[in-house]
Amino acid sequence: MRLALNVAKYEKILDETPAREAVEEPTLLRPNVTHLRTRDLYEGLCQTMGSQTFQHKDPRLTCSYHTNRSPYLILQPLKKEVVNLAPYILLYHDFVSDYEAEKIKELAAPWLQRSVVASGVQQAKVEYRISKSAWLKDTADPVIGNLDVRIAAATGLQAKAPYAEYLQVVNYGIGGHYEPHFDHATSRKSPLYRTNTGNRIATFMIYLSSVDLGGSTAFVYANISTPVVKNAAVFWWNLHRNGEGNEDTLHAGCPVLVGSKWVANKWIHEYGQEFNRPCGVNPGD
Ligand SMILES: O=C(O)CCC(=O)C(=O)O
Ligand SMILES: [Fe+2]
């Protein structure tokens, strides 16, 4: 009885509702920007999710214990994997412990906000970066302060403000991604220069979670993607020794298909590193 009444009720509503005009779906056009022309490469790399096996082809892509002549690392060497030579990309396995990864996420969680990117002199929310992020000062907790010490030991660079940015913690939900971009500023007007410490010479990015599917970091021109290896950290130089941006570092955070992805970024700036990474004039270095 109830069912029959419902059917009659909804048929009446349908009869009375004017037919909706066909809605034309807007076509999503990809802007004609150089790095977006690499879209197909990017999507291909996201689909292979770090399964490239170049390691077998080049003996210079090694795994080793890394002490960097630092007393800190002699006691606790890092597991370093050379993932790519040009651009130079390293993966440090087990760079943080499970406890540290959980602590960093716990400290960041209350402060997460929609991520932004540098847009001219300002910062803007854009649809090509879908995630939430928060900044953590080294004084927020001993775990964060210790991390700076370890990053400095691994890279031989100064990792504390103002020579580096605070730690940026990023969370991507399902569908979260960051399309191909450079970490360094490509314009002198960028807000990155506000601290007067130059451009971002290097990126040190720690994976604080694993992901069930998707989410690898794709290096478009290097033609590799690094899978999300929990507790591992990726390092690369954004700038050549002559201070110019290395365009081969174009990279992306692939869409997360299943799971929740967490990373922490430490961006190291040029100034203060003069004796740690001396300048050079060769545009290839
Ligand atoms: O999430 C990733 O794998 C890459 C993130 C990234 O490139 C960035 O935050 O600048
Ligand atoms: Fe990036």
Side-chain angles (χ1 to χ4, degrees), residues 30-31 33-52 54-55 61 80-92 95 115-119 126-131 133 151 155 157 164-165 167-172 175-187 190 192 199-211 214-230 232-240 244-257 261-270:
R30 293 166 179 164
V33 183
T34 323
H35 62 267
L36 288 179
R37 276 184 236 139
T38 56
R39 178 100 194 186
D40 292 338
L41 285 172
Y42 156 57
E43 289 183 2
L45 282 169
C46 289
Q47 283 157 24
T48 49
M49 287 181 292
S51 61
Q52 305 85 0
F54 296 109
Q55 278 83 348
L61 300 179
K80 178 172 104 176
E81 178 181 350
V82 182
V83 177
N84 200 66
L85 295 170
Y88 192 59
I89 305 171
L90 300 175
L91 191 64
Y92 292 105
F95 187 78
S115 300
V116 290
V117 301
S119 157
V126 287
E127 60 184 33
Y128 59 85
R129 186 182 191 195
I130 304 290
S131 61
S133 46
I151 294 173
T155 59
L157 301 171
E165 292 169 49
L167 192 71
Q168 186 192 54
V169 183
V170 187
N171 178 221
Y172 303 83
H177 63 271
Y178 194 171
E179 291 190 11
H181 65 278
F182 296 113
D183 283 356
H184 59 273
T186 48
S187 148
S190 165
L192 275 185
N199 208 343
R200 286 174 172 167
I201 195 172
T203 296
F204 199 96
M205 187 183 78
I206 308 162
Y207 295 116
L208 301 174
S209 71
S210 51
V211 177
S216 46
T217 307
F219 292 86
V220 179
Y221 295 130
N223 195 25
I224 57 155
S225 47
T226 48
V228 180
V229 182
K230 185 173 188 288
V234 196
F235 169 84
W236 69 89
W237 298 107
N238 292 308
L239 306 182
H240 290 294
E244 295 290 321
N246 181 349
E247 298 205 344
D248 289 342
T249 61
L250 187 76
H251 63 280
C254 292
V256 172
L257 303 179
K261 172 182 168 187
W262 289 81
V263 301
N265 285 309
K266 175 60 92 173
W267 286 298
I268 302 167
H269 280 229
E270 285 177 284

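In this structure, Thr38 and Tyr221 have side chains that are in contact, with non-hydrogen atoms separated by less than 4.5 Å. Side-chain contact check for Glu127 versus Glu179: every heavy-atom pair is 4.5 Å or farther apart. The closest side-chain heavy-atom distance from Trp267 to Leu192 is not below 4.5 Å.
Between Ile201 and His269 the shortest heavy-atom distance is CG2-O, 3.5 Å. Nearest heavy atoms, Ser209 versus Val228: O-CG1, 3.1 Å. Shown here for Thr249 and Phe219, the closest heavy-atom pair between the two residues is O-CD2, 4.3 Å. Taking all atoms of both residues into account, the shortest heavy-atom contact from Ala218 to Ser225 is CA-CB, 3.8 Å.
Annotation: the span from Tyr42 atom OH to Gln47 atom CD amounts to 10.5 Å, rounded to 0.5 Å. Note that NE2 of His181 and OH of Tyr128 are 9.5 Å apart. Values are rounded to the nearest 0.5 Å. Interatomic distance, Ile268 CD1 to Phe204 CZ, rounded to the nearest 0.5 Å: 7.5 Å. One finds the CD atom of Glu165 at 9.0 Å from the CG atom of Asp183 (value rounded to the nearest 0.5 Å). Between the CG atom of Leu157 and the CD atom of Glu270 there is a distance of 11.5 Å, given to the nearest 0.5 Å. Rounded to the nearest 0.5 angstrom, Lys266 NZ and Arg200 CZ are separated by 11.5 Å.
Judged by distance alone, the side chains of Asn265 and Thr203 never bring a donor and an acceptor atom under 3.5 Å apart. If you check the side chains of Thr226 and Tyr207, you find a donor sitting under 3.5 Å from an acceptor.
Figure legend: Lys261 and Tyr172 shown as a cation-pi pair, the cationic atom lying under 6.0 angstrom from the six-membered ring centre and within 45 degrees of its axis.
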